[in-house]
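Working notes, beginning with the structure itself.
Both backbone and side-chain heavy atoms feed into the values below; hydrogens, waters and symmetry mates do not. Keep in mind that this is a model prediction, so the values were computed, not measured.
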Amino acid sequence: QVQLVESGGGLVQPGGSLRLSCAASGSIFSIHVMGWYRQVPGKQRELVAQIISGGTTNYADSVKGRFTISRDNAKNTVYLQMNSLKPEDTAVYYCHTRLWYKLEYDYWGQGTQVTVSS
């Protein structure tokens, strides 16, 4: 139904910035929400940020004021601008979406590694 492809991960120093991109294809007009999750080995995958079809955004407390989620409808792409990065932000970041007619099903991208280290 929907395919998600992430890009933009990499190595950055503490205090630096990085922007992740997630390009969606397929049933793009059925998308209700898109967002970013992250996961560290041995820990649960956690929500970082999401943007709902109406424009409402939600952020994890740990990233509020530092990360910004946005979308470009013309490109069917969602972005995660990450500023003031901390070593604790190191994780695999996954793009995520749900369709309005099948909200119980999660679609995931392949993940992109973000490493914050000096």
side-chain contact (heavy atoms from CB on, under 4.5 Å) between T68 and T57, intermediate numbers included: CA-CA 9 Å; T68 303; T57 57; over 6 Å; no
Taking C-beta and beyond as the side chain, do [X] and [Y] meet within less than 4.5 Å on heavy atoms?
{"X": "W36", "Y": "E6", "result": "yes"}
{"X": "P14", "Y": "S117", "result": "no"}
{"X": "Y93", "Y": "V48", "result": "yes"}
{"X": "R98", "Y": "D106", "result": "yes"}
{"X": "Q81", "Y": "I69", "result": "no"}
{"X": "L99", "Y": "I31", "result": "yes"}

Charged tip of R45 within 45° of Y94 ring normal and under 6.0 Å: yes
Within 45° cone and under 6.0 Å: R19 NZ/CZ vs Y79 ring: yes
Pair T77-D72, side-chain donor/acceptor within less than 3.5 Å: no
side-chain contact (heavy atoms from CB on, under 4.5 Å) between T90 and V40, worked out: CA-CA 8 Å; T90 296; V40 176; over 6 Å; no
Pairing of K64 and D61 as salt bridge, 4.0 angstrom limit: yes
Step-by-step side-chain contact (heavy atoms from CB on, under 4.5 Å) determination, L18 to L85: CA-CA 8 Å; L18 208 60; L85 283 162; 3.9 Å; yes
Option from R71, Q50, H96 for which side-chain contact (heavy atoms from CB on, under 4.5 Å) with V78 holds: R71
Partner of R38 by side-chain contact (heavy atoms from CB on, under 4.5 Å), out of L47, L80, V63: V63
F29 atom CZ, over 12 foreign heavy atoms within 6.0 Å: no
Inter-residue atom distance S53.OG - M34.CE, 0.5 Å rounding: 12.0 Å
Proximity of Y37 and W108 rings by center, below 6.0 Å: yes
Pair Q13-V116, side-chain contact (heavy atoms from CB on, under 4.5 Å): steps then yes or no: CA-CA 5 Å; Q13 294 185 7; V116 184; over 6 Å; no
